[in-house]
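Please read the structure below before turning to the comments.
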Amino acid sequence: MNLPTDPLFYVVATLAIVLVGLAKGGFAGLGAASIPMLALVMDPIRAAAMLLPILMVQDVVSVWAFRKTYDAETLYWMIPGAIVGIGLGWWLAASVSADAIRAAVGVIAVGFGTYRLSGFKPKPDRIFPHWIGSFWGSVAGFTSQIAHAGGPPFQVWAMSRRFSHTVFIGTSSIFFAVINWLKVPAYVALGQFTWDNMQLTLIFLLIAIISTLAGVVVVKRIDPAQFFGIISWLMVAVGVTLLYAAVT
């Protein structure tokens, strides 16, 4: 058994898994910080592959919880774009070094953290053409393949559709459940589904399920926005750290 022995790894990884669980349970967007955090303590591609089966298990919980509230038209336009983005993400991961991927994850973290802190939201009185949904689907697919961080690009498009909170969560749950399955061949091709990696998956799986169920309960009782400021600053800080590590 070749598992990490540094206690810091397990502290950081547990926090990252909890954020993903809360995101799957309804706090959409919190999970975007997970891979940047894990990339501080392990190879970012290995981290993404370790996390993918956990995301897929959590998808079952979140899709079931919100299965009656989703927008089929959004899925119809975004999923084809996501397939293109996943392919581009696989190509990048297969073509460059781990430090280059770490830098890419850092850029994604800083960009998304800054975007959230800016408070920008699409104007609710403006209706975008459907092909814009395919474009943002491709961006979501790319950032999801690289860093499981497809939430912010998805939100840019979905928030312009004027969904209720529950329809937004339901549509997001189904969208990411589909593209997580679509990412499996890419990680197989990258050779990341190793026994050592899957052992880490099993270690954190129970934490992931519990945090997802907790998210489903808590999101109906409090305003998720109060968490986003803290997580956004965390993403910026982690992203800058990753960029520094990649360059030096």
Side-chain angles (χ1 to χ4, degrees), residues 16-17 20-21 23-25 28-32 34-36 38-39 43-67 70-96 101 104-105 108 112 130-158 161 168-194 197-198 200-201 204-205 208-209 212:
I17 297 299
V20 171
K24 288 292 185 181
L30 289 186
S34 60
I35 292 300
L38 286 170
D43 179 279
I45 296 300
R46 183 186 179 193
M50 181 269 287
L51 191 58
L52 182 57
I54 294 176
L55 294 175
M56 295 169 73
V57 172
Q58 291 172 314
D59 287 336
V60 175
V61 178
S62 57
V63 170
W64 176 260
F66 298 100
R67 66 193 182 279
Y70 68 92
D71 182 72
E73 185 178 48
T74 296
L75 298 175
Y76 175 82
W77 284 98
M78 293 196 77
I79 288 175
I83 295 173
V84 175
I86 290 169
L88 291 174
W90 165 81
W91 173 81
L92 179 66
S95 304
V96 301
I101 295 298
V105 173
I108 291 171
F112 288 170
H130 288 122
W131 68 266
I132 298 293
S134 297
F135 167 76
W136 284 111
S138 67
V139 177
F142 177 80
T143 55
S144 186
Q145 173 65 32
I146 295 296
H148 296 320
F154 173 85
Q155 291 169 22
V156 171
W157 168 251
R161 309 305 291 171
F168 177 88
I169 296 173
T171 306
S172 174
S173 298
I174 295 174
F175 176 73
F176 288 107
V178 171
I179 69 172
N180 281 338
W181 276 101
L182 293 174
K183 288 187 288 187
V184 170
Y187 284 107
V188 170
L190 292 169
Q192 292 298 321
F193 286 138
T194 63
N197 233 14
M198 293 306 98
L200 289 175
T201 297
F204 292 110
L205 183 58
I209 295 173
T212 302

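Between the CD1 atom in Ile101 and the CD1 atom in Ile146 there is a gap of 4.5 Å [rounded to 0.5 Å]. The CG atom of Leu55 lies 7.5 Å from the CD1 atom of Ile17; values are rounded to the nearest 0.5 Å. Expressed to the nearest 0.5 Å, how far CZ of Phe204 lies from OG1 of Thr201 amounts to 9.5 Å. Distance check: Ile83 CD1 to Ile179 CD1 gives 10.0 Å after rounding to the nearest 0.5 Å. Residue Lys183 holds its NZ atom at 2.5 Å from OG of Ser144, rounded to the nearest 0.5 Å. In this structure, Trp90 CH2 and Ser95 OG are separated by 7.0 Å, a value rounded to the nearest 0.5 Å.
In this structure the side chain of Trp157 reaches within 4.5 angstrom of the side chain of Thr74, judged on heavy atoms. Annotation: side chain of Val63 is not in contact with side chain of Tyr70 (no heavy-atom distance under 4.5 Å). When side chains are defined from C-beta on, Leu75 does not count as touching Val178, because their heavy atoms never get closer than 4.5 Å.
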Exercise for review: For Phe154 and Phe176, run side-chain contact (heavy atoms from CB on, under 4.5 Å): C-alpha distance rounded to whole Å, both residues' side-chain angles, the deciding distance at 0.1 Å, then the answer.
Suggested key: CA-CA 9 Å; Phe154 173 85; Phe176 288 107; 3.8 Å; yes

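Ala48 and Tyr187 make their closest contact through CB-OH, 3.2 Å (heavy atoms, listed as atom of the first residue, atom of the second, distance). The minimum heavy-atom distance between Gln192 and Asn197, with the atom names listed, is O-ND2, 3.1 Å. Of all the heavy atoms in Ala93 and Ile45, the pair that sits closest is CB-CD1, 3.8 Å. Here the shortest heavy-atom pairing between Ile54 and Ala208 reads CG2-CB, 3.1 Å. Of all non-hydrogen atoms in Ala177 and Asp59, the two that sit nearest each other are CA-OD2, 3.3 Å. Closest non-hydrogen pair, Ala49 versus Met198, comes out as O-CE, 4.0 Å.
Proximity of a side-chain donor or acceptor of Ser134 to a complementary backbone N or O of Trp77 within less than 3.5 Å is detected. Listed for the Thr171 side chain is a donor-acceptor partner under 3.5 Å among the backbone atoms of Asp71. Side-chain atoms of Ser173 come within 3.5 Å of backbone atoms of Ile169 as a donor-acceptor pair (strictly under, hydrogens ignored).
In summary, of the residues considered (Phe135, Phe142, Trp136), a side chain to side chain contact (heavy atoms under 4.5 Å, CB included) with Pro153 occurs for Trp136 alone.
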